[in-house]
Amino acid sequence: MLDHEYTTKEVFQNNFFSDWRKEMTAEERKVIKHLDKCDFTEIHRYFVDKTAARKALPKEEKQKLKEEAKKLQQEFGYCILDGHREKVGNFKTEPPGLFRGRGDHPKMGMLKRRVLPEDVTINCGRDSEVPEPPVGHRWKEVRCDRTVTWLAAWTENVQNSVKYIMLNPSSKLKGERDREKYEVARRLKGVVGEIRSQYRADWKSQEMKARQRAVALYFIDKLALRAGREKEEGETADTVGCCSLRVEHVQLHPEADGCPYVVEFDFLGKDSIRYYNKVPVEKLVYENLQMFMENKGPGDDLFDRLTTASLNKHLQDLMDGLTAKVFRTCNASLTLQGQLRALTRAEDSVAAKILSYNRANRAVAVLCNHQRATPKTFEKSMQTLRSKIEAKKKQVAEAKAELKKARAEHKCRGDGRSKSFLEKRGRLLERLEEQLGRLSTQATDKEESKQVALGTSKLNYLDPRISVAWCKRFGVPVEKIYNKTQREKFAWALDMAGEDFEF
DNA sequence: GATTCTACTTAGGATAATTGTG
DNA sequence: CACAATTATCCTAAGTAGAATC
């Protein structure tokens with residue numbers, strides 16, 4: 001881990017050293033007292049070399065390794081569920097190592113222990129063959145619980161949470177649940193108008209709790225914020241969602257950028273990804289926020305009378321199956337559908353249509369704040385793209401000069417040959433200009449996408465039937481939108497969605 | 001009503017595999 | 001074909017939500 005910046009952090013070092021001390025023998029403990037006097041470079045080099053050696057392996061050796069992995073997958077990567085053979089998602093337990101949470105995690109550097117068969121609970125059918133534990137070991141427990149979907153589970157020691165072995169997204173079970181999720185979101189689409197008028201009315205409620213709920217719901221609906229459940233302090237990184245927002249996370253501006261009543265959000269959300277947004281809101285929302293913030297310190301809860309549990313209970317009353325996260329799914333899918341409608345032109349080429357699809361996808365990713373680190377190769381590849389553009393510009397300029405020359409020539413000679421030559425020059429210029437245009441949109445796209453992660457929304461928020469219908473309607477092969485794994489996950493949608501599917 | 005536990009979905013980074021390019 | 005760039009897969013952390021327990 002020495003390559004990583006986080007090993008230099010004090011929290012990481014303290015956690016690691018204290019856990020390491022616990023593993024030492026009494027003798028070792030007497031000798032090894034300060035982390036900063038320890039030199040790990042030798043063991044670090046050992047692993048670096050090992051990785052390099054594996055990379056440098058001859059082709060046949062690599063092939064052999066691949067086949068061995070495949071065999072392992074064949075043996076352990078499948079299960080029988082209700083008579084059907086299904087792929088398992090994660091069929092390996094997690095190896096021991098040093099825990100690295102995301103963001104400013106108080107437990108970074110702690111030792112994550114090796115999982116032993118004695119830690120593992122197996123869940124299988126009553127009359128199925130119980131998998132054998134490794135020789136000399138036994139399972140913690142074998143149970144037959146048909147009400148849950150996991151096949152095995154163990155408790156991880158750092159966060160004291162349960163880890164599960166579950167089915168692959170391609171399985172029938174996961175597919176059905178995925179579909180149900182989108183069906184709930186579609187039902188929300190039908191009643192969201194009513195819900196909106198309800199919460200708008202609640203902005204004026206006598207009850208503080210109802211007002212807070214109504215403002216929070218407005219944000220969840222409008223901005224696709226996460227619910228934001230309360231979490232144990234000191235156990236995880238300090239991140240928030242809607243209901244757990246604190247006064248310090250919002251700033252009110254009576255007027256900003258020419259708009260009245262602007263709310264500026266700045267907080268760390270899931271995975272410590274920063275959410276920053278400046279949004280004009282309605283006057284009543286603004287005034288309510290002012291009131292919620294009165295006589296509070298920066299560290300106080302903005303919605304002190306609200307919990308995700310009470311919000312979800314209220315939502316359940318408004319629509320069966322409705323919870324806060326459904327708004328995010330609904331908003332994302334509707335955004336994709338709307339953007340696709342706005343951006344796709346039937347006469348475009350397939351490549352141009354795919355570009356439109358990716359733009360629509362991007363709009364959703366921006367809405368959901370799905371970010372990624374700028375790729376390491378970004379600057380370099382951007383540079384080559386820029387030089388390509390420069391070269392193309394030069395070509396265009398040359399072609400223009402050539403065209404001018406040809407025009408003069410034709411004026412002077414006026415024969416058929418010079419005319420066809422002139423036309424040829426014209427077509428060349430046209431083609432070059434087109435190419436230049438494509439390159440510069442590519443550059444713009446690249447720049448605007450460098451910190452946007454498209455995969456998360458594609459996999460979790462966008463009803464695949466929207467994409468499938470779009471592909472069918474515009475003659476785009478579905479493989480251009482979904483790769484093999486994605487097609488397996490969305491098999492249920494590939495089968496059923498016709499070109500006129502509407503979310 | 002608060003807290004803890006359980007089960008599941010959603011998330012970005014690391015790494016492996018594939019594709020593009022000179 | 002070698003190497004770089006891009007894309008797919010793997011990995012596991014970090015959320016949501018509801019039930020059980022205090």
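Below, read A as the first sequence line, B as the second, and so on, with proteins coming before strands; counting in each chain starts at 1. Predicted model only: the values in this text are computed from it and were never measured.
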Under 4.0 Å, heavy atoms only, any strand: does [X] hit a base, just the sugar-phosphate, or nothing?
X	result
A:Ala237	nothing
A:Thr149	sugar-phosphate
A:Gln159	sugar-phosphate
A:Lys270	base
A:Tyr461	sugar-phosphate
A:Gly228	sugar-phosphate
A:Glu156	nothing
A:Arg226	sugar-phosphate
A:Thr236	nothing
A:Gly269	sugar-phosphate
A:Lys55	nothing
A:Pro169	nothing
A:Lys107	nothing

Please confirm whether the backbone N or O of [Y] pairs with a side-chain atom of [X], one donor and one acceptor, at under 3.5 Å?
X	Y	result
A:Gln316	A:Gly321	yes
A:Lys296	A:Leu302	yes
A:Gln13	A:Thr7	yes

Rounded distance (Å) that lies between atom [atom2] of [N] and atom [atom1] of [X]:
X	N	atom1	atom2	value
A:Tyr275	C:dG15	OH	C1'	17 Å
A:Arg328	C:dG15	CZ	C1'	10 Å
A:Ile165	B:dT9	CD1	P	15 Å

Quiz item: Do A:His105 and A:Phe99 have their ring centres less than 6.0 Å from each other?
Solution: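 A:His105 vs A:Phe99: aromatic centres under 6.0 Å.
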Exercise. Examine A:Phe12 together with A:Tyr6 and report whether their ring centres are nearer than 6.0 Å.
Key: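 Ring centres of A:Tyr6 and A:Phe12 closer than 6.0 Å.
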Does a side-chain N or O from [X] land closer than 4.0 Å to OP1 or OP2 of [N], or not?
X	N	result
A:Thr456	B:dG12	yes
A:Thr377	C:dT6	yes
A:His370	B:dT10	no
A:Lys231	C:dG15	yes
A:Lys313	B:dG1	no
A:His4	B:dG13	no

Quick one: which of [options] gets closest to the side chain of [X]?
X	options	value
A:Lys181	B:dT10, C:dG18, B:dA17	B:dT10
A:Asn483	B:dT10, C:dT12, C:dA8	C:dA8
A:Arg177	C:dA13, B:dT9, B:dA14	B:dT9
A:Tyr164	C:dC11, B:dT6, C:dA13	B:dT6
A:Thr239	B:dA7, B:dG12, C:dG15	C:dG15
A:Lys380	C:dA14, C:dT6, C:dA4	C:dA4
A:Lys174	B:dT9, C:dG18, B:dA14	B:dT9
A:Arg372	B:dA14, B:dG13, B:dC8	B:dG13

Practice problem: Measure distances between side-chain N and O atoms of A:Arg229 and base N and O atoms of C:dA17, and say whether any donor-acceptor pair falls under 3.5 Å. | Solution: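 For A:Arg229, whose side chain was compared with the base of C:dA17, there is a donor-acceptor pair (under 3.5 Å).
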Quiz item: Would you say the side chain of A:Leu151 lies within less than 4.5 Å of the side chain of A:Met166, judging by non-hydrogen atoms?
Solution: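 A side-chain contact is absent here, since even the closest heavy-atom pair is not under 4.5 Å.
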Quiz item: Nearest nucleotide by nearest heavy atom, which residue falls closer to the 5' end of DNA chain B, A:Ala153 or A:Glu232?
Solution: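 Closest to the 5' end, via its nearest nucleotide, is A:Glu232.
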Quiz item: Closer to the 5' end of DNA chain B via nearest nucleotide, is it A:Arg54 or A:Asn460?
Solution: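 The residue closer to the strand's 5' end, by nearest nucleotide, is A:Asn460.
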Quiz item: Within 45 degrees of the axis of the six-membered ring of A:Tyr78 and under 6.0 Å from its centre: does A:Arg85 put its NZ or CZ there?
Solution: yes
Quiz item: Mapping A:Thr384 and A:Gln486 to their closest nucleotides on DNA chain C, which lands nearer the 5' end?
Solution: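 Nearest nucleotide further toward 5': that of A:Thr384.
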Quiz prompt | A:Thr323 or A:Arg102, whichever maps to the more 5' nucleotide of DNA chain C | solution =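 With A:Thr323 and A:Arg102 compared, the 5'-side residue is A:Arg102.
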Quiz item: If you take all heavy atoms of A:Gln337 and A:Phe503, which pair is closest and at what distance?
Solution: OE1-N, 2.8 Å
